Amino acid sequence: MTELFVLAEHRQGEIRDVTFELLTKGKELAKKTSTDLTAIVLGHNAGNHAKRLADHAKRVLVIEDPRLENFNSEAYQMVLSQLISQRKPSLTLMGHTAFGVDLAPSLATELNLPLATDCVDLDFEGETLTVIRQVYGGKVNVKARVRKSEGYIVTIRPATFETEEGTPLGGKIVTIESPLSEDIEYKRFIEYVQPPAGEVDITAADSLIGIGRGIKDADNMPMMEELAATLGGVLVCSRPIVDKEWLPADRQVGTSGKTVKPKLYIAVGISGAFQHLTGMKNSDLIIAINKDPKAPIFRVADYGVVEDLFKIVPSLKSKISEAREAHT
Amino acid sequence: MDFDLTEEQKDIKKAAREFCEKELTPELAIEFDKKEEFPIELYRKAAKLGFTSMRFPEEYDGQGYGILEDCLVTEEMCRVDPGLGVAIMSGTFALPDLVLTHGTEEQKEKYIPPLSRGEKVSAGAFTEPEHGSDLSLMDTTAIKKGDGWVINGDKQFITNAPVADSFCVLCQTSPDAKPTYRGESLFTVDKGTDGLDVTKLKDKMGIRSAITGAVSLSDVAVTKDNLLGELNKGFYYVLEFFDGSRIAVAAQAVGMAQGAFERAFRYAKERKQFGSPIIQFQGISFKLADMATKIQTARLLTHKAAWMFDQGKVDPMLTAMAKAYASRVAMEVTDEAIQVYGGYGYLADYHVERFHRCAKITEIYEGTTEMQKLTIMRYLLKRM
Amino acid sequence: MEIIVCIKHVPETAEADITIDESGKRIEVEDLVFDINEWDDYALEEAVQLKEKLGGSVTAMTVGSEEGDSTLRKCLARGADRAIRLTDKAFEGSDGYATAKILHRAIKELPYDLILTGAQAGDDGYAQVGVTLAELLGVPHATMVKKVEFSGDQARVNRELEGGLEAVIEMKLPALITIQTGINEPRYVSIMGIRKAKSKEIKVLGLKELGLKEDEVGKAGSWMTVERMFVPPVEKEVEILEGTSDEVTTKITDILRAKGLI
Ligand SMILES: Cc1cc2nc3c(=O)[nH]c(=O)nc-3n(C[C@H](O)[C@H](O)[C@H](O)COP(=O)(O)OP(=O)(O)OC[C@H]3O[C@@H](n4cnc5c(N)ncnc54)[C@H](O)[C@@H]3O)c2cc1C
Ligand SMILES: Cc1cc2nc3c(=O)[nH]c(=O)nc-3n(C[C@H](O)[C@H](O)[C@H](O)COP(=O)(O)OP(=O)(O)OC[C@H]3O[C@@H](n4cnc5c(N)ncnc54)[C@H](O)[C@@H]3O)c2cc1C
């Protein structure tokens with residue numbers, strides 16, 4: 001029977017969440033298209049990973065090789081291109097992550113299989129694969145058809161599908177011999193560099209004020225710090241604020257920053273690109289202040305204020321400070 | 001006939017816009033408006049990118065463009081903030097232009113490159129307490145002594161005076177000349193020269209970061225190397241200088257009007273009364289239409305005057321028209337911008353009141369509007 | 001070091017009002033301001049800084065219409081030595097894959113040690129062109145790079161992974177690197193730069209010059225065909241707080257108080 005591949009992603013000994021999200025979606029698609037869901041894991045001492053994956057797939061293919069311990073796209077591509085050529089899966093899913101982005105395009109090009117990147121949904125309509133992608137920073141969705149082919153590669157945006165635990169599938173674990181014969185000299189993984197620990201742990205705070213490019217200028221930072229202080233919360237931000245060095249990197253929320261789940265997240269002048277939303281959309285209460293009524297941030301917010309933040313923030317600060325004084 | 005800017009001119013405009021929008025922030029604008037200080041850091045930054053030396057030749061580290069390109073930058077600067085914009089673009093005021101047209105090679109080498117690079121600030125000292133619109137007689141005298149001259153007198157309203165490294169001073173050298181303006185000469189005077197004293201003028205209505213001072217010269221001794229051009233030609237040189245610099249003032253006015261208009265336009269789309277954005281009320285939308293039309297007209301006139309100047313076909317009448325008209329438009333548009341904002345427009349935080357305060361200067365300096373009209377009439381009478 | 005930077009001219013949409021056009025397959029771009037793609041802005045700066053440090057030259061290259069010249073001129077003014085625009089009616093509608101094929105044809109004829117692209121484009125967000133191009137050229141690549149160093153014919157780069165973790169990778173040159181924002185501070189366009197750019201030409205190459213066939217590019221040569229565009233559904237029904245600033249902030253304060261957050 002034809003297979004549907006889900007490529008497992010792991011780093012520093014942990015399987016990454018996106019893998020299970022993909023397996024959940026993969027299961028649904030495999031059922032619909034009567035194919036077998038196969039999880040693929042490349043690694044070294046990947047036995048434990050394989051066992052966990054077996055709960056979520058019909059089959060787990062394990063490729064064991066010390067050269068696969070840390071991700072190197074060249075090594076992964078060599079293994080996967082062979083595997084896909086041999087087994088001809090109808091579809092290969094991987095995360096639209098630092099891993100998938102480095103691997104999928106070259107793999108697809110080598111195999112001449114159509115690739116759809118950063119998809120938030122996909123489906124087979126008859127023989128045709130259709131995908132949904134977000135464009136223009138999440139303001140518009142596109143439904144696209146993928147050119148007909150015997151196989152496809154699709155990268156899926158992380159945190160798009162929710163992992164369902166379900167009953168363990170007890171998939172069969174099959175170990176395949178690594179086709180790698182020698183070290184890849186022209187591209188080598190050297191080491192990981194951990195981000196420096198910050199002064200404050202933003203994942204532990206109850207209230208966060210998230211600021212984005214809408215605050216326009218470093219001169220406005222004190223105003224925002226004051227708001228955070230008045231609220232007894234911590235100031236965090238979207239990526240451009242860190243890129244401009246207005247706040248240190250450990251204050252960044254999102255895929256390349258931290259994932260937070262505070263009781264309160266007030267987003268000020270943040271558009272709501274998915275890389276940011278991924279990091280905060282599970283906060284208990286989200287209030288968004290943005291002058292653009294179509295900003296994607298409003299799609300995850302509980303309350304929204306469509307207004308110039310410079311009109312709201314000073315007033316909000318004094319209201320909160322009054323409320324606190326009345327309380328004490 | 002072609003009304004379009006060249007690609008290169010569009011790139012210049014865009015480069016200036018990007019710089020201004022990132023650097024001339026509203027917060028800095030308010031801060032400098034309050035403290036009345038010259039924004040030296042911004043001036044240096046702008047100079048490094050070439051914005052303040054547009055009209056100086058490349059051999060003196062300038063950019064080798066004309067007044068038109070200079071105007072494009074000025075417009076963008078004043079569009080983002082009229083105070084900081086005027087301050088930055090006036091850092092190289094008067095002296096380099098006069099040195100370029102009439103100075104010796106030594107004077108050019110000495111003054112222009114450091115000004116082009118933003119290391120120095122210059123000033124032009126023409127106005128006196130008793131002589132503003134009428135510069136045909138100067139109370140400041142330069143009396144020949146040996147090989148040099150000794151200058152005595154007071155100058156009033158001198159842009160940059162408190163921070164200027166060198167001044168270009170209009171003096172009476174031949175008091176008995178008939179008419180008296182045939183006895184005026186220009187001298188360069190450097191900061192630190194004995195007898196030169198500057199006091200800062202405070203509490204101006206607008207362009208408060210383009211600082212202004214009174215200059216007093218008492219027994220200031222200068223050498224023959226300080227004489228600019230020929231003896232007794234100073235008055236003519238200054239009038240000729242104004243034919244170019246007035247176009248830059250018109251560009252300031254166009255930029256200020258544009259900036260206030262854009263703010264008002266945005267506000268009118270956002271502000272709701274009686275259940276709809278105020279831009280939907282004809283009373284407001286017609287205002288905006290008129291504002292846009294006036295700005296467009298003023299810009300065309302200004303660009304034409306600049307273009308004529310750059311072609312070597314200076315037309316003092318057109319220059320005067322551009323300055324008089326653009327400065328009036330700046331006053332009217334900034335006034336209407338406040339009106340569109342209603343009560344908020346009256347508050348500093350909403351910025352348009354600053355645009356209005358700043359706009360007024362364009363009707364006064366480098367020849368008041370009345371003086372421009374005299375010029376226009378003089379030419380009309382000659383030509384019609 | 002010979003460096004090629006791939007640049008895209010994109011509409012600025014973060015603060016713009018976007019509407020889908022009548023075809024339902026595109027957005028209205030008429031009133032949008034176009035500029036260099038945010039990620040490419042950093043890639044260009046990195047290329048110019050590398051050139052200033054190591055010598056060599058920078059070539060900026062774009063696939064797109066003549067409108068892109070303003071962005072190419074910006075690259076020239078900021079320090080690129082030459083610019084190449086790949087334009088042809090047949091290129092219209094190209095997806096990331098077809099775009100990479102076009103770039104490949106142009107680049108394979110040029111000398112290069114390093115190719116830089118942005119990590120992704122802010123409009124269609126494929127994050128695909130760079131790596132596809134590397135594969136077509138047969139050179140190693142690294143994506144989302146935040147630091148680049150060289151020793152001999154080796155490039156040592158820091159890739160940005162999730163959660164702020166970085167991976168250090170070494171590659172043999174020639175190589176392709178996709179650049180992540182924040183790697184440097186892009187400079188302003190200077191008037192001196194604009195003057196210098198005047199003497200640099202923008203070379204234009206089309207289908208024929210590149211030896212491509214019509215069905216290799218454009219819609220025919222793409223993997224993806226847009227069926228329709230639509231406004232994304234909401235994940236949560238947001239309650240918009242209306243009123244004057246004062247009323248709105250009172251409402252927020254009430255909500256926070258009710259939830260025991262102040
Ligand atoms: C691999 C990768 C990883 C990334 N990781 C992250 C990440 O971890 N975290 C992250 O945040 N981003 C990340 N990004 C970047 C992300 O794609 C967006 O570019 C970024 O989140 C945008 O930040 P922003 O919302 O602050 O800015 P913009 O998108 O520019 O939005 C600014 C918003 O402010 C509003 N605004 C402007 N002025 C005002 C005003 N006066 N009043 C009210 N509102 C105003 C505008 O309407 C707009 O919606 C990543 C990108 C890539 C490619
Ligand atoms: C902020 C600022 C910066 C300045 N910077 C400089 C500088 O850097 N260098 C410099 O030399 N000067 C500078 N000036 C001076 C400026 O050029 C003069 O103020 C201007 O020329 C007017 O002169 P006045 O103030 O003496 O007015 P007056 O000449 O006294 O004029 C008063 C009024 O009478 C009108 N008037 C005068 N004569 C006539 C007439 N014949 N017909 C009709 N109406 C007439 C005028 O138009 C005006 O309305 C500056 C002034 C200001 C306020």
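Fair warning: this is a prediction, and the values are worked out from it, not measured in the lab. Below, chain A is the first sequence line, B the second, and so on; all start at residue 1.
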Does A/Phe274 have A/Arg157 sitting over its ring (NZ/CZ under 6.0 Å from centre, angle to axis within 45°)? yes
So which part of A/Val131 gets closer than 4.5 Å to some heavy atom of chain C, the side chain, the backbone, both or neither? side chain
Heavy-atom distance under 4.5 Å to chain A: side chain of C/Ile169, backbone, both or neither? both
Shortest non-hydrogen separation from A/Val242 to A/Pro248 and the atoms involved: CG2-O, 3.8 Å
Contacting region of A/Glu307 [heavy-atom separation from chain C under 4.5 Å]: side chain
Do C/Asn158 and C/Glu166 get their side chains close enough for a donor-acceptor pair, meaning under 3.5 Å? yes
With only heavy atoms counted, which part of C/Lys259 is less than 4.5 Å from chain A, the side chain, the backbone, both or neither? side chain
Is it true that A/Lys311 and C/Glu247 have a side-chain N and a carboxylate O under 4.0 angstrom from each other? no
Closest-packed option against chain A by number of heavy-atom pairs under 4.5 Å, given C/Leu136, C/Val226, C/Leu133, C/Val10: C/Val226
Counting heavy-atom pairs under 4.5 Å to chain A, which of C/Leu241, C/Leu165, C/Thr132, C/Val234 comes out on top? C/Leu165
For A/Leu285, is it the side chain, the backbone, both or neither that has a heavy atom under 4.5 Å from a heavy atom of chain C? side chain
Does any part of the side chain of C/Phe230, heavy atoms only, come nearer than 4.5 Å to the side chain of A/Lys143, both counted from C-beta? yes
Check whether A/Asp292 gets within reach of chain C through its side chain, its backbone, both or neither, counting any heavy atom under 4.5 Å. side chain
Answer yes or no: does atom CD of A/Glu162 have more than 12 heavy-atom neighbours from other residues, nucleotides or ligands under 6.0 Å? no
Interchain contact, C/Glu185 with chain A, by part (heavy-atom threshold 4.5 Å): neither
Does any heavy atom of chain C fall under 4.5 Å from the side chain of A/Ala116, the backbone, both, or neither of them? both
Side chain from CB out, backbone as N, CA, C, O: work out which of these in C/Val248 comes under 4.5 Å of a heavy atom of chain A, or both, or neither. side chain
What part of C/Arg159 lies closer than 4.5 angstrom to a heavy atom of chain A: side chain, backbone, both or neither? side chain
Between CG of C/Leu173 and CG of C/Leu114, what distance do you get to the nearest 0.5 Å? 6.5 Å
Check the pair A/Asp284 / A/Lys263 against salt bridge (charged side-chain N to carboxylate O under 4.0 Å, His left out), numbers first and verdict last. CA-CA 5 Å; A/Asp284 293 347; A/Lys263 291 191 178 131; over 6 Å; no
Of all of C/Val139, C/Thr253, C/Ile20, C/Thr181, which one pairs up most often with chain A through heavy atoms under 4.5 Å apart? C/Thr181
Spacing of A/Ser256 atom OG and C/Met144 atom CE [to the nearest 0.5 Å]: 8.5 Å
Is chain C contacted by the side chain of A/Leu115, its backbone, both, or neither, given a heavy-atom distance below 4.5 Å? both
Residue part contacting chain A, namely of C/Leu256, when any heavy atom lies under 4.5 Å: side chain
Does any backbone or side-chain atom of A/Glu74 lie under 4.5 Å from a heavy atom of chain C? Answer side chain, backbone, both or neither. side chain
Once the angle between the rings of C/Tyr97 and C/Trp223 is folded into 0 to 90°, is it parallel (under 30°), tilted (30 to 60°) or perpendicular (over 60°)? parallel
Short N-O contact, A/Arg213 and A/Asp243, less than 4.0 angstrom: no
Considering the options C/Ile177, C/Leu116, C/Thr178, which one meets the side-chain contact (heavy atoms from CB on, under 4.5 Å) requirement together with C/Val145? C/Ile177
Does any heavy atom of chain C fall under 4.5 Å from the side chain of A/Lys291, the backbone, both, or neither of them? side chain
Contact part of C/Ile27 toward chain A, heavy-atom cut-off under 4.5 Å: side chain, backbone, both or neither? side chain
Could you give me the CA-CA distance, side-chain angles and deciding distance for A/Ile297 and A/Leu277, then say whether side-chain contact (heavy atoms from CB on, under 4.5 Å) is met? CA-CA 7 Å; A/Ile297 189 80; A/Leu277 298 187; 3.8 Å; yes
As an exercise: rank C/Lys172, C/Gln154, C/Glu237, C/Glu160 by heavy-atom pairs under 4.5 Å with chain A and give me the winner. C/Glu160
Segment of C/Ala14 engaging chain A (4.5 angstrom heavy-atom cut-off): backbone
Could you tell me which portion of A/Gln275 (side chain, backbone, both or neither) has an atom closer than 4.5 angstrom to a non-hydrogen atom of chain C? side chain
So what's closer than 4.5 Å to chain A heavy atoms on C/Lys146: side chain, backbone, both or neither? side chain
Salt-bridge criterion met for C/Asp254 and C/Lys251 (N-O under 4.0 Å): no
Please look at C/Ala16 and chain A and tell me whether the side chain, the backbone, both or neither of the residue comes under 4.5 angstrom of a heavy atom of that chain. backbone
Max heavy-atom pairs within cutoff under 4.5 Å with chain A, candidates C/Val231, C/Asn184, C/Asp153, C/Ile252, goes to C/Ile252
Exercise: do C/Thr143 and A/Asp102 side chains pair donor with acceptor under 3.5 Å: yes
Heavy-atom distance under 4.5 Å to chain C: side chain of A/Ala108, backbone, both or neither? both
Below 4.5 Å from any heavy atom of chain C, which atoms of A/Gln12 appear? Answer side chain, backbone, both or neither. side chain
So, A/Thr97 versus A/Glu9: side-chain donor-acceptor pair below 3.5 Å or not? yes
Between C/Lys101, C/Lys25, C/Gln120, C/Glu38, the one whose heavy-atom pairs under 4.5 Å with chain A are most numerous: C/Glu38
Between the side chains of A/Lys319 and C/Thr250, is a donor N or O closer than 3.5 angstrom to an acceptor N or O? yes
Can you say whether C/Glu242 sits under 4.5 Å from chain A via the side chain, the backbone, both, or neither, judging by heavy atoms? neither
Could you tell me which portion of C/Pro233 (side chain, backbone, both or neither) has an atom closer than 4.5 angstrom to a non-hydrogen atom of chain A? both
Does a donor on one side chain and an acceptor on the other come within less than 3.5 Å for C/Thr244 and C/Asp246? no
Where does A/Ile287 contact chain C at under 4.5 Å (heavy atoms): side chain, backbone, both or neither? side chain
Measuring heavy-atom distances to chain A, does C/Met224 have an atom under 4.5 Å in its side chain, in its backbone, in both, or in neither? both
